[in-house]
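These numbers come from a predicted model, not from an experiment.
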Amino acid sequence: MAYTAAVITVSDKGSRGERKDTSGPAVKRILEDAGFSVVHTCILPDEKDEIEKELIRCADERHISLVMTTGGTGFSQRDVTPEATLAVIERETRGIPEAMRWASLQVTPRGCLSRSAAGIRGKTLIVNLPGSEKAAKENLLAVIDALVHGMDMLLSEGSTDHNHDHHGHHHHHDE
């Protein structure tokens, strides 16, 4: 089954229509090529509470499996995507941004300046990508195969528990 995904572009200029979003569509293409079904895309301003609300909506209401953000991960005063992400996740998945930064560092020493975060909320994995199209693509391609495996683990958990309960119950019934 194809996992669902959302792509959220975080950009003041993009949300005001002052700049064409190229990163979002590029991320969407890579996800679709990897077999994800991108069911939701949007552009938000760099506002922490708006980003939090959208992430919560994608996870809790729409039950989207993978939510990728692009933008708002740098050092500018307005860059708050990682903070919004950390505020809504239940468990951090630090290896994902580590792998993305490692990949960026192979390209530029400035790769260490990305503040991208990632983590799990319920059955949803949320991952921050940088805002530049080139960096967003490089970062996503560095972890896409691992992400698919992560989704398998995250989303199979529930069914295994369910089967386990079922067998346990069945066994008890036989006695």
Donor-acceptor pair, distance only, cut-off 3.5 Å: does the side chain of T4 make one with the backbone of S37? no
So does L154 get a backbone contact from the side chain of K123, meaning a donor-acceptor N/O pair under 3.5 Å? yes
Under the side-chain hydrogen bond (donor to acceptor under 3.5 Å, both in side chains) rule, collect the residues that match up with S23, sequence neighbours excluded. none
Calculate, to the nearest 0.5 Å, the distance between atoms NZ and OG1 belonging to K20 and T22 respectively. 7.0 Å
In this structure, would I56 and I120 fall into the same cluster of hydrophobic residues linked by side-chain contacts under 4.5 Å? no
Inter- and intrachain pairs under side-chain hydrogen bond (donor to acceptor under 3.5 Å, both in side chains), touching residues 98-111, at least two apart: S104-N139
Under a 4.5 Å cut-off applied to non-hydrogen side-chain atoms, are L125 and I96 in contact? yes
Pairing residues for D60 by the salt bridge (Lys or Arg N to Asp or Glu O under 4.0 Å) criterion, not counting sequence neighbours: R121
The complete set of salt bridge (charged side-chain N to carboxylate O under 4.0 Å, His left out) pairs with one or both residues in residues 6-15, sequence neighbours excluded, reads D12-R78
Do any side-chain atoms of residues 27-35 form donor-acceptor pairs under 3.5 angstrom with protein atoms, and if so which ones, sequence neighbours left out?
residue : atom : partner : partner atom : Å
K28     : NZ   : E32     : OE2          : 3.1

For the CE atom of M100 and the OG atom of S116, what is their distance to the nearest 0.5 Å? 4.5 Å
Residue pairs, two or more places apart or on separate chains, that pass salt bridge (charged side-chain N to carboxylate O under 4.0 Å, His left out) and touch residues 137-150: E133-K137, K134-E138
With sequence neighbours left out, write down each residue that passes salt bridge (Lys or Arg N to Asp or Glu O under 4.0 Å) with D46, or none if nothing qualifies. none
On a heavy-atom basis, the closest approach of V143 and A99 is CG1-CB, 3.7 Å
A142: what forms a side chain to side chain contact (heavy atoms under 4.5 Å, CB included) with it, not counting sequence neighbours? A103
So, the side chain of S132 versus the backbone of A135: is there a donor-acceptor pair under 3.5 Å, distance only? yes
What's the separation between atom OG in S15 and atom CD in E50, rounded to the nearest 0.5 Å? 7.5 Å
Are M151 and V127 in one and the same hydrophobic cluster, where Ile, Leu, Val, Met, Phe, Trp and Tyr link if side-chain heavy atoms are under 4.5 Å apart? yes
Quick one: side chain to side chain contact (heavy atoms under 4.5 Å, CB included) partners of E54, sequence neighbours excluded? I8, H40, C42, L44, R57, C58
Can you give me the closest heavy-atom contact between R115 and G72, atom names plus distance? NH2-O, 4.4 Å
Those residues at least two apart in sequence (or on a different chain) that pass salt bridge (Lys or Arg N to Asp or Glu O under 4.0 Å) with E92 are R94
Treating Ile, Leu, Val, Met, Phe, Trp and Tyr as nodes and any side-chain heavy-atom pair under 4.5 angstrom as an edge, say whether L155 and V39 lie in one connected cluster. no
Check the side chains of N128 and T81 for a donor-acceptor pair under 3.5 angstrom, ignoring hydrogens and angles. no
Who are the salt bridge (Lys or Arg N to Asp or Glu O under 4.0 Å) partners of E18, not counting sequence neighbours? R16
Does the side chain of F36 come within less than 4.5 Å of I144's, by heavy atoms? yes
Are any side-chain N or O atoms of T124 and backbone N or O atoms of I64, one a donor and one an acceptor, separated by less than 3.5 Å? yes
Can you list the residues that meet the side chain to side chain contact (heavy atoms under 4.5 Å, CB included) rule with V80, with sequence neighbours excluded? K48, I51, E83
